[in-house]
Amino acid sequence: MKSVVSILVLIVACVRFASAAKCSDHILSLKADFFSEDDGGIYDRTACSASFSNFHKYTPQVHGLINEHIAQSFVYSIMSSHFETDFENRLGFSKYMDSLADTMWQHAISLIKYAGKRGTGVAPVDTSNGLSIKNLNNGIKPWTEIEALALALDHHQTLAIKVHQLHSSAKDAAFGDFLENQFVSDHVSRIRELSGHLTNLVPMVQEESSKDLALYLFDQSLV
């Protein structure tokens, strides 16, 4: 009985292997003369693509995350420029917002590279789901120091929720591992940091007599 079961398992494994061998079958089907297209041997790149598992199903979500990271990077860069003006002269806040912009940009690059590694890429496509930056002006105005930190906290929490939802729904072990290592721990640390900044700064600026001094000292701590 055990030998029969073993044979059946072996047969199933062979069938599965054969059905998955679309690349080798395609290569063997080509002409042996250096895959010459003149003789009908046209190489099908999709047959030997790096794409596997279910990653292709999450391409729209990956595009969305890339869009959001790039858009937020632009917003933080503009906010950094705002705080660096001689009128505001908050060089600490400028430096902090600049670091947020750099982090968002690097995360976008990481997503783009990972998509390419998985065989999908993020080349512009002629659909509404392609890469684009929309409604950028909605997040730009002369923010105060408190408002800037609050906006950054909201943005990071929104991104963290989207990444968590994607991670929990992704039935792709490699993609889930990438999201966890690249984003989850960083989001937790940054959200805690922003929340702590607001906890310390808000009560101090509510005291009108010490507001200016509190903002100055807090700004210096960020330099």
Side-chain angles (χ1 to χ4, degrees), residues 58-117 121-124 129-167 178-202 204-205 214-223:
Y58 309 111
T59 301
Q61 292 95 318
V62 172
H63 281 193
L65 285 176
I66 293 170
N67 286 340
E68 286 208 42
H69 279 86
I70 294 176
Q72 288 189 26
S73 179
F74 287 163
V75 171
Y76 295 141
S77 292
I78 293 170
M79 292 170 69
S80 172
S81 177
H82 164 70
F83 286 118
E84 196 174 15
T85 61
D86 58 340
F87 182 77
E88 293 294 331
N89 198 34
R90 297 297 188 198
L91 301 184
F93 276 92
S94 175
K95 180 179 178 180
Y96 189 74
M97 292 299 159
D98 196 42
S99 70
L100 294 183
D102 288 344
T103 299
M104 287 293 153
W105 187 263
Q106 290 301 321
H107 281 177
I109 297 300
S110 296
L111 282 165
I112 292 171
K113 288 184 175 181
Y114 185 78
K117 183 184 293 186
V122 290
N129 294 326
L131 294 178
S132 62
I133 305 299
K134 300 179 180 179
N135 301 322
L136 185 61
N137 289 332
N138 292 345
I140 300 173
K141 67 176 186 179
W143 295 94
T144 65
E145 296 85 351
I146 296 295
E147 290 172 337
L149 291 174
L151 175 72
L153 178 60
D154 287 343
H155 279 180
H156 279 78
Q157 288 180 337
T158 299
L159 271 179
I161 290 172
K162 290 183 177 181
V163 170
H164 276 245
Q165 290 173 342
L166 181 57
H167 180 272
F178 168 76
L179 291 175
E180 188 169 341
N181 292 330
Q182 186 71 31
F183 296 99
V184 175
S185 60
D186 182 71
H187 284 162
V188 170
S189 299
R190 186 68 78 177
I191 288 171
R192 173 61 183 86
E193 181 182 78
L194 288 164
S195 178
H197 286 336
L198 288 165
T199 298
N200 292 334
L201 189 57
V202 171
M204 291 190 290
V205 299
L215 286 172
Y216 172 77
L217 293 176
F218 191 87
D219 180 73
Q220 290 298 303
S221 71
L222 297 175
V223 174

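When side chains are defined from C-beta on, T158 counts as touching K162, because their heavy atoms get closer than 4.5 Å. In this structure, Q72 and L159 have side chains that are in contact, with non-hydrogen atoms separated by less than 4.5 Å. Between E145 and V205 there is no side-chain heavy-atom pair separated by less than 4.5 Å. Between L65 and E68 there is no side-chain heavy-atom pair separated by less than 4.5 Å. Looking at H156 and M104, their side chains come closer than 4.5 Å, going by heavy atoms from C-beta outward. You'll find the side chain of R190 reaches within 4.5 Å of the side chain of T103, heavy atoms only. You'll find the side chain of L194 reaches within 4.5 Å of the side chain of Y96, heavy atoms only.
Scored by the salt bridge (Lys or Arg N to Asp or Glu O under 4.0 Å) test, E88 finds no partners at all (sequence neighbours excluded).
Considering CD of E147 and CG of D154, their distance stands at 11.5 Å, rounded to 0.5 Å. L166 CG to Q61 CD: the interatomic distance, rounded to the nearest 0.5 Å, is 5.5 Å.
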For residues 216-223, which side-chain donor-acceptor pairs fall under 3.5 Å, sequence neighbours excluded?
residue	atom	partner	partner atom	Å
D219	OD1	G92	N	2.9
D219	OD1	F93	N	2.9
D219	OD2	L91	N	3.4
D219	OD2	G92	N	3.3
S221	OG	F218	O	2.5

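Panel note: side chain S73, backbone H69; no donor-acceptor pair is recorded below 3.5 Å. Not one N or O on the side chain of H107 forms a donor-acceptor pair closer than 3.5 Å with the backbone of F183.
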